[in-house]
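FYI, side chains are in, hydrogens and waters are out, and symmetry mates aren't considered; it's all heavy atoms of this structure. Positions are given from 1 along the sequence.
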Amino acid sequence: MPIAARNQLEFIHILKDRGYLHQVSDEEGLRAAAAKGIVTAYAGYDCTAPSLHVGNLISIMMLRVFQRAGHKPIVLVGGGTTKVGDPSGKDESRKLLSQKEIDANKASIKTAFTKFLTFGDGPTDAILVDNDEWLKNLRYIKFLREYGRHFTINRMLTFDSVKLRLEREQPLTFLEFNYMLLQAYDFLELARRYNCVLQMGGSDQWGNIVNGIELGRRVEGRELFGLTTGLLTTSSGAKMGKSVKGAIWLNEDMLSPYDYWQFWRNTEDADVGRFMRLFTEMPLSEIARYEALQGSEINEAKKVLATEAAALLHGRQAAEGAAETARRAFEEGAAAEGLPTVELALGDGVGVLTANVAAGFASSTSEARRLIKGGALRVNDAVVTDERATLTLKDLNQDGVVKLSLGKKRHVLLRPAS
């Protein structure tokens, strides 16, 4: 159910209607540029992990809307800026990665973009660019003389990425302080190389984006634009994209399609409609119908959200397979092939507390103990009451696994280690 765009101006309307748009530097100027033809825009992603996560997904979806409206997206991977570390939204410095780690992460995160964007050589096909191409060759003194003079410390201290760190009395290294200069330079370099006139990102990047707009104007008189989306939290105020087991990764080798489906299935009631608009391509009229559901009926809307969101990333077949796995596990109590699996040495006996931690249901045995005391943990659908219980090969069910469950929604299969 694709989002349809009638013309190249339509992407601005779609971003507004679906709740993406938070800030835009010059909407009338951007509209005028889009009215003239194809606009090129970019969003940047540092290579700090082997996979992107759900927190990155909203900017990827914006690039998708942008491309489907007839414009050209650039995916900028930060092979260069990852060596510095973005201080935005962080209370402490990022861990500095080796070149080998950065290269491995860069190769791994590329796979997610191909699920959402069309890459190629056409006028609106997406391209992937690494800012290490130009940053690694910068001569520091020359860079400072040509570009550093366009930034003032007074102004830089007002940006949230700096101000919030200082307000919390957390150290901000000079290395990190340079990040905003490098990101601004990225925008200028992309404008020079690809006639890129628009940068998209989260609202925490607004200061960096404005820096790039101003640098382009001061150095070369370029007219550049910025557009941000609000930082996502759930209706209860929790940070979007986190679970008990950690980040919700986009790469399948770091998070299974089933776990990805289940993340969306567990959406809070008040967020279902908003997340349908942001993370699926369902028509707004259909979303409004699901938003009107009350009580237990909202669970059906959550299943639709989960399937549509998972289909965009993992494909329709995998998404519907995850939905069927969940149905069998929850409604029939079956072990259900396709559930997440963990291998454990059951032949030697594994404590139920340790198994609970290995399954990702708890971060420690003490937390697992509290779950058992609360009656939340089940083994093969039977409530666990003895925290000293041990799981062995005798506990294997007819499918040759031990089904470990936390509440009614989370299940993991324990398989004997070979």
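For Phe113, the ring-ring contact (aromatic ring centres under 6.0 Å, His included) partners are Tyr45, not counting sequence neighbours. Listed by chain and number, the residues in a side chain to side chain donor-acceptor pair (under 3.5 Å) with Thr234 are Ser236, Glu268 (sequence neighbours excluded). Checked against ring-ring contact (aromatic ring centres under 6.0 Å, His included), Tyr42 has the following partners two or more places apart in sequence or in another chain: Phe187.
Looking at Asn266, its side chain does come within 3.5 Å of a backbone N or O of Gln262 through a donor-acceptor pair. Judged by distance alone, the side chain of Asn208 and the main-chain N or O of Gln183 form no donor-acceptor pair under 3.5 Å. Using modelled atom types, no side-chain atom of Arg265 and backbone atom of Ala306 make a donor-acceptor pair closer than 3.5 Å. Side chain of Asn131 to backbone of Gly80: a donor-acceptor contact under 3.5 angstrom is found. When atom types are taken as modelled, the side chain of Thr365 and the backbone of Leu353 share no donor-acceptor pair closer than 3.5 angstrom. Checked by atom type and distance alone, the side chain of Ser59 pairs as donor or acceptor with a backbone atom of Asn56 at under 3.5 Å. Using a distance-only test at 3.5 Å, with no hydrogens or angles considered, a donor-acceptor pair links the side chain of His71 to the main chain of Val39. Remark: side-chain polar atoms of Asn251 are paired, donor with acceptor, to backbone N or O of Ser108 under 3.5 angstrom.
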Practice item. Take Lys16 and Glu27, measure what side chain to side chain contact (heavy atoms under 4.5 Å, CB included) needs, and give me the verdict at the end. Key: CA-CA 12 Å; Lys16 283 185 175 182; Glu27 184 172 335; 2.7 Å; yes
Practice item. Please step through side chain to side chain contact (heavy atoms under 4.5 Å, CB included) for the pair Leu138 and Leu135, ending with a clear verdict. Key: CA-CA 5 Å; Leu138 284 179; Leu135 294 182; 3.7 Å; yes
Exercise for review: Output, in order, the C-alpha distance, side-chain angles, deciding distance and verdict of side chain to side chain contact (heavy atoms under 4.5 Å, CB included) for Ile58 and Phe279.
Suggested key: CA-CA 7 Å; Ile58 191 165; Phe279 299 111; 4.2 Å; yes
Check your understanding: Should Arg378 and His411 be marked as a side chain to side chain contact (heavy atoms under 4.5 Å, CB included) after you check the CA-CA gap, both sets of side-chain angles, and the distance that decides it?
Key -> CA-CA 9 Å; Arg378 287 176 291 140; His411 308 271; 4.1 Å; yes
**Study point:** Check against salt bridge (Lys or Arg N to Asp or Glu O under 4.0 Å), Lys115 and Glu252
**Key:** CA-CA 12 Å; Lys115 308 290 183 65; Glu252 187 173 342; 5.4 Å; no
Review point. Please walk me through it: do Glu367 and Arg370 pass salt bridge (Lys or Arg N to Asp or Glu O under 4.0 Å)?
Key: CA-CA 5 Å; Glu367 183 182 351; Arg370 288 192 294 272; 5.0 Å; no
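For the side chain to side chain donor-acceptor pair (under 3.5 Å) test with Asp132, the passing option among Lys83, Gln99, Lys106 is Lys83; the others fail.
A salt bridge links Asp271 with Arg274: the distance from a Lys NZ or Arg NE/NH1/NH2 to an Asp or Glu carboxylate oxygen falls below 4.0 Å. Taking 4.0 Å as the cut-off between side-chain N and carboxylate O, Glu214 and Arg222 do not count as a salt-bridged pair.
To the nearest 0.5 angstrom, Ile109 atom CD1 is 5.0 Å from Leu52 atom CG. Note that CH2 of Trp134 and CZ of Arg193 are 5.5 Å apart. Values are rounded to the nearest 0.5 Å. Taken from CG in Leu250 to CZ in Phe116, the straight-line distance is 6.5 Å, to the nearest 0.5 Å. Rounding to the nearest 0.5 angstrom, the gap separating the CD atom in Glu281 from the CD1 atom in Ile14 is 9.5 Å. Note that CG of Leu117 and CE of Met61 are 10.0 Å apart. Values are rounded to the nearest 0.5 Å. To the nearest 0.5 Å, the span separating CG on Leu21 from CE on Met62 amounts to 8.0 Å.
No side-chain heavy atom of Val197 sits less than 4.5 Å from a side-chain heavy atom of Thr40. For the pair Lys72/Tyr194, no side-chain contact is recorded, criterion being any heavy-atom separation below 4.5 Å from C-beta on.
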Would you be so kind as to tabulate the donor-acceptor pairs closer than 3.5 Å made by side chains of residues 119-128, with sequence neighbours excluded?
from	atom 1	to	atom 2	distance (Å)
Asp125	OD2	Asp121	N	3.3
Asp125	OD2	Gly122	N	2.8

Could you list the donor-acceptor pairs under 3.5 angstrom formed by side chains in residues 223-233, with sequence neighbours left out?
from	atom 1	to	atom 2	distance (Å)
Thr228	OG1	Gln23	N	3.4
Thr228	OG1	Gln23	OE1	2.7
Thr229	OG1	Tyr20	O	2.7

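Aromatic ring pairs are classed by plane angle as parallel below 30°, tilted from 30° to 60° and perpendicular above 60°; the pair Tyr260 and His314 is perpendicular. In this pair, Trp261 and Tyr258 present their aromatic rings parallel. The plane angle is below 30°, not in the 30 to 60° band.
Residues Ala301 and Met276 come closest through the heavy atom pair O-CE, 3.3 Å.
Within the structure, the side-chain hydrogen bond (donor to acceptor under 3.5 Å, both in side chains) test picks out the following pairs touching residues 288-298 (sequence neighbours left out): Arg277-Glu291.
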